[in-house]
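Note that the numbering runs from 1 along the sequence shown for the chain. Nothing here was measured: the structure is a model prediction, and the numbers come from that model.
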Amino acid sequence: MQKHSLAMLGAFAMLTSCATNRPVLPGPEVDDTTLFVGKIITLDEQGTIAEAVTVDGKGRILKVGTEKDLSAGLGVGSKRVELEAGQVLLPGFIDPHLHILPTLIQSVLGTHNLAPCLPPPYNLSTPEQCKKHEDLLSALSSMTVEPTTPETAKMFVLGMNLDPSRQQFVAGKCGVTSTVEFMQQPKLYLDACVRKDRPVLILDQSGHLAYVNDKAFEIVCKGQKPCLPPDSVTQHGGRWVTDSKGQYTGLLEESAAFAPFLAATQQGMLMQKTIPNGGLQDLHQAIQALREAGLTTIADGGLADRSQLELVKLLAMNPTFPLRVTGVVTNLAAMPVVNKDGAVTAPALKPSGPSCTPSPTNDCALPKWLGAGAIKLWVDGSTQGCTALLGTPYAYSSDGHCPNAKEGQGDFKSAKELADAMRPLWADSAWRFQLHANGNQANQWAVDAFSQLQLEQANTHRMLLIHNTVGQESVSQAIGELRKGTHVSGQQKVPAMDLRVTHLIGHVAYWGDALAQMLQKNGAHKDIDIDPVDFNRRYGIPYSFHSDSMVTPARPLWFVEQAVTRRTWAYPSFQKTYVLGPQHATTVEEALRAVTIEPARQHEIDSWVGSIEPGKVADFVVLGANPLDRDPAKGGDPATISQIPVVRTYVGGKDPAGKQ
């Protein structure tokens with residue numbers, strides 16, 4: 001993989017936007033309205049089911065109603081799009097939290113994408129491919145690596161999406177006679193199964209762990225002994241794990257820990273600044289896959305530096321890019337840039353939004369780049385990666401995948417330290433804040449930090465807890481109280497705060513059984529509340545669903561099915577399957593709102609997208625069948641929702657694929 005520069009992407013954007021300019025001759029005035037006719041599921045507040053919707057030439061929704069009323073008065077040149085029997089039109093799907101660059105990159109990794117196969121309803125791989133990735137060492141051995149030459153000796157071998165929580169460790173492979181567990185000594189197995197004579201870096205599918213060999217340490221440390229992690233690692237919650245003898249095991253915890261290794265690759269950073277040169281066509285296919293899942297808007301949930309922000313903005317503004325994008329920047333990326341002498345070389349970032357707002361009085365068509373108006377911080381790590389911050393009644397089981405994790409760990413030492421990190425950007429109330437919190441204790445810290453800052457200065461923006469994976473009713477109750485303005489912190493009533501949550505619902509479908517074995521609640525493997533939707537309902541907390549792609553595939557209809565069925569599978573055979581936390585199941589309509597209007601509200605773009613209403617933009621998805629008919633309360637089979645075909649998407653009333 002090689003660097004793919006911003007200049008190349010800029011040139012691509014310029015080339016794709018070139019057109020011949022011809023003089024426009026005056027002609028008869030024509031009606032540029034498009035009339036969409038069929039079953040329209042608006043997902044407005046009233047749950048309106050309409051027969052038709054009209055859209056003007058700028059892509060703005062004019063009217064929603066009956067076919068008869070909307071057909072009347074249409075002029076010459078107006079267009080009509082009629083759905084086929086059984087099809088439905090919905091607002092375009094929105095993924096409120098994913099990572100664009102890693103999502104695109106995994107499409108060009110080939111044999112270096114080591115992800116285990118998904119459960120049968122969602123699996124897109126062949127049995128042969130699944131077998132290769134069934135266990136850890138087989139997955140590592142499946143990587144195709146060319147012979148080492150003097151030119152490649154220092155080039156990193158890069159891989160993504162290894163997952164020890166679902167890929168079993170089977171001893172005796174790759175010629176290793178030792179039976180030490182993979183997580184205890186990853187570098188031993190990277191040397192044996194991949195390469196020993198080249199640096200190797202493998203990213204875990206959780207996004208919170210990485211695995212490296214000794215050659216990788218040599219490159220990063222540049223021969224210095226002792227080889228110590230840079231201050232940036234320890235100061236930002238990272239850890240280079242050592243064994244009982246003080247030697248590095250090859251396990252790296254949290255992104256700060258593997259950032260130096262990503263920087264050392266010099267081959268195109270997997271998660272930092274550039275896209276590898278896998279060919280624009282490969283990237284185009286990955287982008288189209290998002291569109292073909294029914295997505296019309298995505299939110300990049302953690303742009304780690306300003307170059308990432310500019311790259312994602314450039315992608316979104318490309319005329320051929322078929323999606324709208326909003327960004328969330330990390331708190332460190334938003335802070336002023338200071339050189340080693342302490343001089344400020346770039347001021348703090350300011351929140352941004354769309355460059356214009358559609359209105360009947362202007363010519364604005366909502367742009368595809370919607371700006372970056374939120375700040376991201378990590379309170380803890382990954383539940384399946386053994387680094388989520390847990391608290392009573394939860395702990396990691398001593399006989400599970402994380403035998404030594406106990407109550408996990410936080411990226412901060414306390415809620416106070418978290419609030420201190422947020423405070424510099426909280427001061428003028430301009431930013432929204434989105435906190436990554438998996439464990440129940442991490443969520444409690446987030447509530448405590450939000451409460452402290454809200455007492456100091458009320459912020460009226462919508463705030464977000466990302467994941468909220470390990471549920472605890474008292475934490476959800478506190479979130480509900482914050483929303484109502486009845487929460488008390490330090491004997492003071494906290495001004496009301498619009499705090500919401502977004503769940504990685506794939507934690508149920510793909511990791512549910514693994515988490516049930518890894519976690520204990522009150523000392524037992526039962527009654528574990530994963531993605532606690534019922535708590536949200538009970539305490540009036542709006543919620544959405546997201547992919548965290550590349551962690552799980554960005555397929556909103558899959559989210560809907562998983563939220564309604566709450567079905568999970570045991571790896572590797574998938575023979576054991578059951579419902580995890582049936583009390584947390586949603587209705588189909590609730591789940592549809594969690595991938596449309598609620599994500600729009602969380603990112604404060606609901607005045608433009610998320611539902612089909614006059615004045616909003618015409619971002620639509622056409623489905624081959626009505627998911628509402630699959631609701632079990634109506635006698636439907638929700639286990640077939642993921643099979644509903646996405647027929648077409650429209651962005652601003654236009655099909656990005658050029659179809660009509």
Side-chain angles (χ1 to χ4, degrees), residues 16-44 48-93 288 291-292 294-297 317-324 354-370 607-624 646-660:
T16 55
S17 64
C18 288
T20 302
N21 294 319
R22 297 188 179 96
V24 179
L25 301 176
E29 186 173 340
V30 296
D31 190 341
D32 62 2
T33 303
T34 300
L35 173 68
F36 291 84
V37 178
K39 177 166 277 191
I40 315 292
I41 301 174
T42 67
L43 293 176
D44 64 7
T48 303
I49 305 294
E51 294 178 352
V53 56
T54 51
V55 178
D56 70 11
K58 292 294 181 182
R60 297 171 292 203
I61 298 172
L62 298 174
K63 296 180 181 179
V64 180
T66 66
E67 178 184 358
K68 179 180 177 181
D69 289 345
L70 271 60
S71 297
L74 289 179
V76 175
S78 63
K79 298 178 182 178
R80 180 185 178 97
V81 176
E82 191 157 351
L83 304 186
E84 296 180 9
Q87 294 180 349
V88 293
L89 184 76
L90 290 88
F93 296 142
Q288 288 302 104
R291 184 190 66 80
E292 291 167 3
L295 287 160
T296 55
T297 300
M317 293 174 66
N318 187 302
T320 65
F321 195 77
L323 305 164
R324 302 193 199 279
S355 59
C356 66
T357 299
S359 163
T361 61
N362 65 29
D363 291 330
C364 169
L366 187 67
K368 288 181 293 181
W369 172 244
L370 303 180
S607 60
W608 299 296
V609 298
S611 61
I612 300 176
E613 299 180 75
K616 294 193 177 186
V617 295
D619 290 1
F620 304 145
V621 59
V622 178
L623 301 181
V646 173
V647 178
R648 194 162 299 157
T649 58
Y650 293 88
V651 175
K654 307 293 184 184
D655 183 346
K659 301 176 183 177
Q660 291 297 328

Check: [X] side chain, [Y] main-chain N or O, donor-acceptor pair, under 3.5 Å:
X	Y	result
R324	V609	no
K368	F321	yes
E51	E67	yes

Sequence-distant partners of E292, salt bridge (charged side-chain N to carboxylate O under 4.0 Å, His left out), two or more places apart: none
Which heavy atom of [X] sits nearest a heavy atom of [Y], and at what distance?
X	Y	result
T297	L370	CG2-CD1, 4.2 Å
L62	P614	O-CB, 3.4 Å
A365	C356	O-SG, 4.1 Å
V617	I61	O-CD1, 3.6 Å

Return the set of residues passing side-chain contact (heavy atoms from CB on, under 4.5 Å) with [X] (not counting sequence neighbours), or none when no residue passes.
X	value
L74	D31, T33, L35, S78
T296	D619, T649, V651
N362	R60, S359, C364
S355	P367

Sorted by chain and number, sequence neighbours left out, ring pair (Phe, Tyr, Trp, His ring centres under 6.0 Å) with F93 holds for none
Enumerate donor-acceptor pairs with a distance under 3.5 Å from any side-chain N or O in residues 82-90 to protein atoms, sequence neighbours excluded.
{"unit_1": "E82", "atom_1": "OE1", "unit_2": "R80", "atom_2": "NE", "d": "3.1"}
{"unit_1": "E82", "atom_1": "OE1", "unit_2": "R80", "atom_2": "NH2", "d": "3.4"}
{"unit_1": "Q87", "atom_1": "OE1", "unit_2": "E84", "atom_2": "N", "d": "3.0"}

Inter-residue atom distance [X].[atom1] - [Y].[atom2], 0.5 Å rounding:
X	Y	atom1	atom2	result
T48	L43	OG1	CG	10.0 Å
I49	K39	CD1	NZ	6.5 Å
K63	D56	NZ	CG	12.5 Å

Derivation of the side chain to side chain contact (heavy atoms under 4.5 Å, CB included) call for V81 and Y650: CA-CA 12 Å; V81 176; Y650 293 88; 3.6 Å; yes
By side chain to side chain donor-acceptor pair (under 3.5 Å), which residues pair with T42, not counting sequence neighbours? D44
According to side chain to side chain donor-acceptor pair (under 3.5 Å), who are the partners of T66, at least two apart in sequence or on a separate chain? D69
